[in-house]
S.K.: 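My questions all concern the structure below.
Everything numeric in this text was worked out from a predicted model, so none of it was measured.
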Amino acid sequence: MTNLKILVLGRGGQVGWELRHRLACMGTVIGMDFPEVDFSKADSLRETVQAVAPAVIVNAAAYTAVDKAESEIELAMAINGTAPGVLAEEAKRLGSVLVHYSTDYVFDGTKQGLYVESDAPHPMNVYGRSKLAGDEAIQRVGGDYLILRTSWVYGARGNNFLLTMLRLAKEKTELRIVDDQIGSPTTSECIAQATADILAQVLAPAGGGFEGRSGIYNLTCAGETSWFGFAKEFLSAQVGSATPKLIPIPTSEFPRPAKRPANSRLSCRRVEETFGVVMPDWKVALALVLETLNEGR
Ligand SMILES: NC(=O)c1ccc[n+]([C@@H]2O[C@H](COP(=O)([O-])OP(=O)(O)OC[C@H]3O[C@@H](n4cnc5c(N)ncnc54)[C@H](OP(=O)(O)O)[C@@H]3O)[C@@H](O)[C@H]2O)c1
């Protein structure tokens, strides 16, 4: 398995960054990002993949500006909806494996209980619609692929809720945080580690390959909380008595261009049963990120 050529797209993003390290022991990792590769230009993306000819493509690149997507519909659709289909076509042509990431935002959040992979998607915003288009494009092409559907991604680097709140906590005396959207905060580290574990299984000589295991798998940390509950947990740990006053608010008091689902909870039973991947509780994963931040790594 050591001579595998692994193409990681979106290498500078939250998940892409972690992937480069987690996949390094599996082969030669070639990381690429915008503008070296531009997902809004399907032909040049296709040429790039053909030139690299990897055995594994892991796509962590995406248009992730959820609110901005409402006014950049075409761009979001090109990057999130069209480009994944191009990757799937090239992966199939090369006989390669494609790993791609999807989102809880393909759902409208009205389900009572956890979403499973077979639940009908119904996105509430442009970002969700564009990501769903990408999932569907990959499924139409087929081949050996994994679509790992995750939620509320954060880590010690990148653009995310945790780092934004830690910054705001130093500037404000009071923070009003949405308390009626429920989900599972999931670290980029956990996503990358699970990706590596799954790939190690399907690519190992005795691993059995895909054997009908191509498909969508929910992949989030375990447990659930609201954005308010999440912030309370890390602010009390990180800022202590200097924590600003935290005020739980309903979504209606924090209007944004893009609507968000109230329920983002995903059942990870399928990834556990198929690949034996058990994700840690979100509080355990959070503690590791805080440790990394505190060590200044
Ligand atoms: N963040 C979340 O809360 C969340 C939740 C559920 C699912 N996901 C999914 O998880 C995956 C990884 O997300 P993430 O949070 O790691 O994303 P991220 O940190 O925003 O990184 C996305 C990467 O894609 C690159 N990119 C943007 N436009 C591009 C283009 N036109 N061509 C090539 N690359 C481009 C970005 O480059 P620049 O920095 O130069 O723009 C960046 O390196 C994505 O599929 C995302 O949809 C994320």
Side-chain angles (χ1 to χ4, degrees), residues 9-10 13-16 18-19 57-64 66 69 76 79-81 83-85 87-88 97-111 113-142 144-155 160 181-199 202 210 213-224 260-275 277-280 282 285:
L9 296 160
Q14 299 192 85
V15 174
E18 297 294 339
L19 280 168
I57 302 169
V58 186
N59 177 33
Y63 182 109
T64 54
V66 175
I79 296 171
N80 293 345
L87 294 178
V97 169
L98 173 65
V99 181
H100 177 75
Y101 300 95
S102 178
T103 170
D104 53 317
Y105 282 14
V106 299
F107 297 117
D108 62 15
T110 55
K111 182 175 178 179
L114 279 63
Y115 280 97
V116 294
E117 291 81 352
S118 56
D119 281 326
H122 185 228
M124 305 174 85
N125 56 41
V126 169
Y127 169 74
R129 284 202 292 281
S130 68
K131 291 293 293 181
L132 177 60
D135 296 355
E136 290 173 344
I138 293 170
Q139 289 173 295
R140 267 197 307 276
V141 174
D144 288 343
Y145 71 88
L146 297 167
I147 298 173
L148 303 176
R149 189 167 275 163
T150 190
S151 70
W152 296 22
V153 179
Y154 73 102
N160 60 59
Q181 293 171 27
I182 307 295
S184 300
T186 302
T187 68
S188 46
E189 272 180 324
C190 287
I191 296 169
Q193 186 60 55
T195 303
D197 291 346
I198 295 170
L199 280 174
V202 295
F210 270 79
R213 294 187 287 183
S214 286
I216 299 178
Y217 294 88
N218 293 341
L219 184 79
T220 67
C221 281
E224 63 188 55
R260 266 84 169 160
N263 173 21
S264 277
R265 295 174 301 154
L266 308 179
S267 163
C268 295
R269 184 180 289 180
R270 187 171 185 221
V271 79
E272 284 179 26
E273 288 178 355
T274 310
F275 298 110
V277 167
V278 179
M279 295 286 273
W282 70 268

S.K.: Please report the closest heavy-atom contact between T195 and I191, naming both atoms and the distance.
M.R.: OG1-O, 2.7 Å
S.K.: Determine the minimum heavy-atom distance between G155 and S188, stating which atoms define it.
M.R.: CA-OG, 3.8 Å
S.K.: Roughly how far, to the nearest 0.5 Å, is OG of S130 from OH of Y63?
M.R.: 9.0 Å
S.K.: Taking only residues two or more places apart in sequence, or in another chain, which ones meet D135 in a side-chain contact (heavy atoms from CB on, under 4.5 Å)?
M.R.: H100, S102, V106, Q139, I147, R149
S.K.: Using every non-hydrogen atom in the two residues, find where T187 and A285 come nearest and quote the distance to one decimal.
M.R.: CG2-CB, 3.6 Å
S.K.: Does some side-chain heavy atom of N263 sit less than 4.5 Å from a side-chain heavy atom of F107?
M.R.: no
S.K.: Check ring pair (Phe, Tyr, Trp, His ring centres under 6.0 Å) between Y145 and all other residues, then give those that pass, not counting sequence neighbours.
M.R.: none
S.K.: Say you draw a straight line from CG of L146 to OG of S214; how long is it, rounded to the nearest 0.5 Å?
M.R.: 6.5 Å
S.K.: Compare every heavy atom of G183 with every heavy atom of P185, then report the nearest pair and how far apart it is.
M.R.: CD-O, 3.7 Å
S.K.: Please enumerate all residues that pass ring pair (Phe, Tyr, Trp, His ring centres under 6.0 Å) together with F275, with sequence neighbours excluded.
M.R.: Y217
S.K.: With sequence neighbours left out, what residues match A194 under side-chain contact (heavy atoms from CB on, under 4.5 Å)?
M.R.: L219, V277, M279
S.K.: Distance-only, no hydrogens or angles: does the S184 side chain make a donor-acceptor pair with backbone N or O of A222 under 3.5 Å?
M.R.: no
S.K.: CD1/I198 to CD/Q193 distance, rounded to the nearest 0.5 angstrom?
M.R.: 10.5 Å
S.K.: If you take all heavy atoms of A137 and G85, which pair is closest and at what distance?
M.R.: CB-CA, 3.7 Å
S.K.: When rounded to the nearest 0.5 angstrom, what is the spacing between OG1 in T220 and CH2 in W282?
M.R.: 12.5 Å
S.K.: Working to the nearest 0.5 angstrom, can you tell me the gap between T186 OG1 and L266 CG?
M.R.: 8.0 Å
S.K.: List in chain and number order the residues that pass side chain to side chain donor-acceptor pair (under 3.5 Å) with N160, two or more places apart in sequence or in another chain; answer none if no residue qualifies.
M.R.: Q14
S.K.: Could you list the donor-acceptor pairs under 3.5 angstrom formed between side-chain atoms of residues 115-124 and any protein atom two or more places apart in sequence or on another chain?
M.R.:
residue	atom	partner	partner atom	Å
Y115	OH	D108	OD1	3.4
Y115	OH	G109	N	3.0
Y115	OH	T110	N	3.1
Y115	OH	K111	N	3.1
E117	OE2	N218	N	2.8
D119	OD1	K111	NZ	3.4
D119	OD2	K111	NZ	2.6
D119	OD2	V116	N	2.8
H122	ND1	D108	OD2	2.8

S.K.: Evaluate side-chain contact (heavy atoms from CB on, under 4.5 Å) for L199 paired with V58, printing each intermediate quantity in order.
M.R.: CA-CA 10 Å; L199 280 174; V58 186; 4.2 Å; yes
S.K.: Quick one: ring pair (Phe, Tyr, Trp, His ring centres under 6.0 Å) partners of Y101, sequence neighbours excluded?
M.R.: none
S.K.: Under the rule for side-chain contact (heavy atoms from CB on, under 4.5 Å), what residues qualify as partners of A62, not counting sequence neighbours?
M.R.: T64, N80, K131
S.K.: What are the two closest non-hydrogen atoms of F210 and V202, and how far apart are they?
M.R.: CE1-CG2, 4.0 Å
S.K.: Starting at CG of D104, measure out to OG1 of T150 and round the result to the nearest 0.5 Å.
M.R.: 7.5 Å
S.K.: Among residues at least two apart in sequence or on other chains, which ones pass salt bridge (charged side-chain N to carboxylate O under 4.0 Å, His left out) with R129?
M.R.: none
S.K.: Can you name the residues that form a side-chain contact (heavy atoms from CB on, under 4.5 Å) with V66, not counting sequence neighbours?
M.R.: Y105, N125, Y127, A258, R260
